[in-house]
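Since the structure comes first, as structure tokens, the remarks are kept for the end.
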Number of protein chains: 4
Amino acid sequence: MLQKVNEPARKGRPRSEEAHQAILAAALQLVFEDGFRSVSIDAIAAKADVGRATIYRRWPNKAAIVMDAFLQDVGPNISFPSRADATESLRTQMRLLAKAFRGKHGALIKALLGEAQFDPELAEAFRERWIRPRRESAMVTLREAMAKGQLRADIDLDTAIDALYGGIYYRLQIGNAPLSDSYIDSLFQHVVYGLRGPMQSLDSDTALK
Amino acid sequence: MLQKVNEPARKGRPRSEEAHQAILAAALQLVFEDGFRSVSIDAIAAKADVGRATIYRRWPNKAAIVMDAFLQDVGPNISFPSRADATESLRTQMRLLAKAFRGKHGALIKALLGEAQFDPELAEAFRERWIRPRRESAMVTLREAMAKGQLRADIDLDTAIDALYGGIYYRLQIGNAPLSDSYIDSLFQHVVYGLRGPMQSLDSDTALK
Amino acid sequence: MLQKVNEPARKGRPRSEEAHQAILAAALQLVFEDGFRSVSIDAIAAKADVGRATIYRRWPNKAAIVMDAFLQDVGPNISFPSRADATESLRTQMRLLAKAFRGKHGALIKALLGEAQFDPELAEAFRERWIRPRRESAMVTLREAMAKGQLRADIDLDTAIDALYGGIYYRLQIGNAPLSDSYIDSLFQHVVYGLRGPMQSLDSDTALK
Amino acid sequence: MLQKVNEPARKGRPRSEEAHQAILAAALQLVFEDGFRSVSIDAIAAKADVGRATIYRRWPNKAAIVMDAFLQDVGPNISFPSRADATESLRTQMRLLAKAFRGKHGALIKALLGEAQFDPELAEAFRERWIRPRRESAMVTLREAMAKGQLRADIDLDTAIDALYGGIYYRLQIGNAPLSDSYIDSLFQHVVYGLRGPMQSLDSDTALK
DNA sequence: GGCTAAGCGAGACGGTACGTCTAGTCTTGGG
DNA sequence: CCCAAGACTAGACGTACCGTCTCGCTTAGCC
């Protein structure tokens, strides 16, 4: 959690959950409207009808607020349909990520990842709360595919995930070309089949399943 | 160029090249010392013994200065040894990039890429002046490898480069693990051989050459 | 009283006298240490080990607390030795005031009188609880002196007191010179004998008695 | 000067006299409207159409601004009609001061003197720039009266002034009664003739002249 | 003995002013 | 037209208090 800890807290007036949600909602809305950089903590406080101190009591900076707001907004929807075909399931996962990047959350992730380059705590939170759950989900799928013999047994999971997902983040960050589904398919295919052996066409890809 | 254009400019006092270099040097040094975020244009001007207007006359913002300073510092050393073995040459290229990321310029690139998420002009400059030359160099090598039959003939060059390099930038940005040479080798191998076919050991890798 | 009234109040938990005294003591000590301006109600509450509401239940603001604390500290010691010689008694009274002003309470009175310029309620309290008792005491003495023929019969008591005491407060407030006993004597003599008629030396002053 | 010093200052953009005057005017107007305490530096800056830094570059705090604004507003009008009758001249001086205290500047002086109890620099400025010129003017008159034999030759000038003026400031500060001209006359008469010798009526006062 | 009511310490709440900082622009005198 | 210096407006920052408001918990008088 980026949010400052609040142990059981018996004494004193409890923190207002209402204010908490108002802050997150205001932050999210403002960031969607004006962009991360243009939003000030003042503006969030004003929009949430909340004193500035109430914000500083809970988060150390703007990025931490937006991180929390973002994660609450995307929810715990890392669950994704497990299919009979594990590699296909992997491709679906990649497509879903690309879709998220193309949607309203794309700009948010760009901003958070950009900001994380200057803020170790945010970087840590981004890793732990956004990246890791998705990597673990991918790992399960990869292991399944290996068990079924759909993938080689000796691949390194971390490296494989980097190869598959690194390209997606790379495009998001460098922004040279759109993150279309067909691009995702191409990336998936190149990595899965490698650059060396004979390449199947995208259509014959179904042979894999 | 991020730097504001300065046409032939006949009239008036010419711009001081000395000031120009002093600014770049000051910017670089300060960023190395204190980090990109902690450096102000004021500080750069003070360190370079230069008026603030002299800076604004040439660059629109801090990121543009640092970008120029960075590129001047790394120089045009994109040249790298072309070998008989084209894929091996590719791996060497990747290792060199990883080495640069591990060195003093790593933090700089992290910062510039992070900042570029908020600054379209910087993003454009980063793409054109840092990313593109390296991609083109890689493309030459890839094409060579394809011509020699070391790689399949039907791979998409852009996708291939994304797969190979995306993982490196991903690690730089997410920062969950070090960019060691052995990691580069592993990444290289996974992408080149794919996740599906039988995997050669790293030692037998030499068979490729 | 600046303190908020607390009618007989039958029901509920009675107000803690202990807390009351702790607050006054804390306020006084903090003001002595750090000066009136530097003390916050928070600090008083913390030092007195008391909730903030307990303070606000009793006093409307910091000045009111300090006023009460001050008056409790100086006590009801307006009694002063009545002598056979009424004018001499007056001079003694003036010396005692100057002595108080030179002591630890001087800074307190400066602060309270300064603050009273911005707070009508405090001004009223200052007049009623500090100034008036002393003026009335002085009036008694003046009347006595008039009755004995030591002073003219047609002087205006209020004006006379203003002339005698105004200079003392003036020095306290403007602070250009110390409030020494010899200064008090000089002030006393100038006012009593006037600026016009022939002036007796301070030694021959005893002739007055 | 309370205002921060600005030595000859050859280099750089000179400080804007326009901004300076705008700030003083805004400060004065706001203080007249809302009272010293209610005015914030923000509000002054806003009203003067000036950045906050421009204010902080010149004055350390609100009191210093208001002090300067006040003195510029009252101007150097300490000159007052010198009459043949020096003591009468003194009484006129006292009346003029009382009149000023009753006017719009009265509240300002109350506030400044009140604030000066907490701010040694302001106190010093108040003494040097407001009190001293007036004391010196009074001293000249007193000396003249002594030379003409209208006052005793052995009075202490400082004490005499304290007695005459102390009462006026005392009333201003304590605020128990209005500073009417008749009160000033009474105060003047009591101090000049003393509390002891036979008192002339206010009418027969003219005998003095 | 239970009920009601007020007081208690703790600490969160909405506000507001503070003084500092940075950005980007403008205005001097002097090349 | 450039230069260094240093002013300018604008506005975000994080801190400090203020005076009020919940919390859960006493501590009293009254039924």
Side-chain angles (χ1 to χ4, degrees), chain A residues 6 9-16 18-20 37-43 45-46 48-58 60-62, chain B residues 6 9-16 18-19 37-43 45-46 48-62, chain C residues 6 9-16 18-19 38-43 45-46 48-62, chain D residues 6 9-16 18-20 37-46 48-58 60-62:
Chain A
N6 185 16
R10 221 164 315 282
K11 293 200 193 177
R13 178 172 172 176
R15 294 193 176 170
S16 157
E18 195 184 345
H20 195 93
R37 277 288 166 96
S38 305
V39 175
S40 70
I41 296 211
D42 248 28
D49 244 332
V50 138
R52 217 149 10 141
T54 300
I55 293 183
Y56 283 112
R57 211 174 283 122
R58 298 164 191 243
N61 54 50
K62 185 173 54 170
Chain B
N6 185 16
R10 229 162 303 279
K11 288 196 190 179
R13 178 172 171 178
R15 290 192 178 172
S16 155
E18 196 183 345
R37 275 290 167 92
S38 306
V39 175
S40 69
I41 297 223
D42 248 19
D49 243 332
V50 136
R52 224 159 354 161
T54 301
I55 293 182
Y56 282 111
R57 215 174 281 123
R58 298 162 193 243
W59 294 276
N61 54 49
K62 183 173 59 171
Chain C
N6 186 15
R10 231 162 303 280
K11 288 199 189 176
R13 180 172 172 177
R15 292 193 180 170
S16 156
E18 196 184 347
S38 306
V39 174
S40 68
I41 297 222
D42 249 15
D49 244 331
V50 138
R52 230 171 339 179
T54 301
I55 293 183
Y56 282 111
R57 214 173 282 124
R58 298 161 193 244
W59 295 276
N61 55 48
K62 183 173 58 169
Chain D
N6 184 17
R10 224 165 311 283
K11 292 202 196 173
R13 178 173 173 176
R15 292 192 178 171
S16 157
E18 196 184 346
H20 194 93
R37 278 287 168 96
S38 306
V39 174
S40 70
I41 296 212
D42 247 29
I44 296 174
D49 242 331
V50 137
R52 222 160 354 160
T54 300
I55 294 183
Y56 281 112
R57 210 175 284 121
R58 297 163 192 245
N61 54 50
K62 185 173 54 170

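Letters A, B, ... mirror the listed sequences (proteins, then strands); counts begin at 1. These numbers come from the heavy atoms of this one structure, side chains and all, not from hydrogens, waters or symmetry mates.
- Summarising the geometry, atom CG belonging to A:Asp42 is positioned 8.5 Å from atom CD1 belonging to A:Ile55; distances are rounded to the nearest 0.5 Å.
- If you take CZ of B:Arg57 and C1' of E:dT27, they are 13 Å apart, rounded to a whole angstrom.
- Checking F:dC8, E:dC8, E:dA5 against the side-chain heavy atoms of D:Thr54 singles out F:dC8 as nearest.
- Put simply, the side chain of B:Ile41 reaches to within 4.5 Å of the side chain of B:Tyr56, judged on heavy atoms.
- Checked against E:dA10, F:dC8, F:dC3, the side chain of A:Lys11 finds its nearest nucleotide in E:dA10.
- Considering CZ of A:Arg37 and NZ of A:Lys62, their distance stands at 7.0 Å, rounded to 0.5 Å.
- Helix-axis bend for the helix from E:dG1-F:dC31 to E:dG31-F:dC1: the local axis fitted to the five terminal pairs at one end deviates from that at the other end by 20°, rounded to 10°.
- OP1 or OP2 of E:dG7 sits under 4.0 Å from a side-chain N or O of C:Arg15.
- In terms of position on DNA chain E, the residue among C:Ser16 and A:Ala19 whose nearest nucleotide sits closer to the 5' end is C:Ser16.
- Atom CZ of A:Arg37 is separated from atom P of E:dA23 by 11 Å (rounded to the nearest Å).
- Between D:Ser16 and D:Ala19, the closest heavy-atom pair is OG-N, 2.9 Å.
- Residue B:Ala45 is the one, among C:Pro14 and B:Ala45, whose nearest nucleotide of DNA chain F lies closer to the 5' end (criterion: closest heavy atom).
- Atom CG of D:Asp49 and atom C1' of F:dG11 are 14 Å apart (whole Å).
- Nucleotide E:dG14 holds its C1' atom 18 Å from the NE2 atom of A:His20, rounded to whole Å.
- Between F:dA4 and B:Arg13, no contact under 4.0 Å exists linking OP1 or OP2 to a side-chain N or O.
- One interatomic measurement links the two molecules: CD of B:Glu18 to C1' of E:dG31, which rounds to 14 Å at whole-angstrom precision.
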Quick tally for nucleotides 12-19 of chain F: nucleotides whose base has a protein heavy atom under 4.0 Å get B, sugar-phosphate-only ones S, the rest -, giving BSBB-SSB
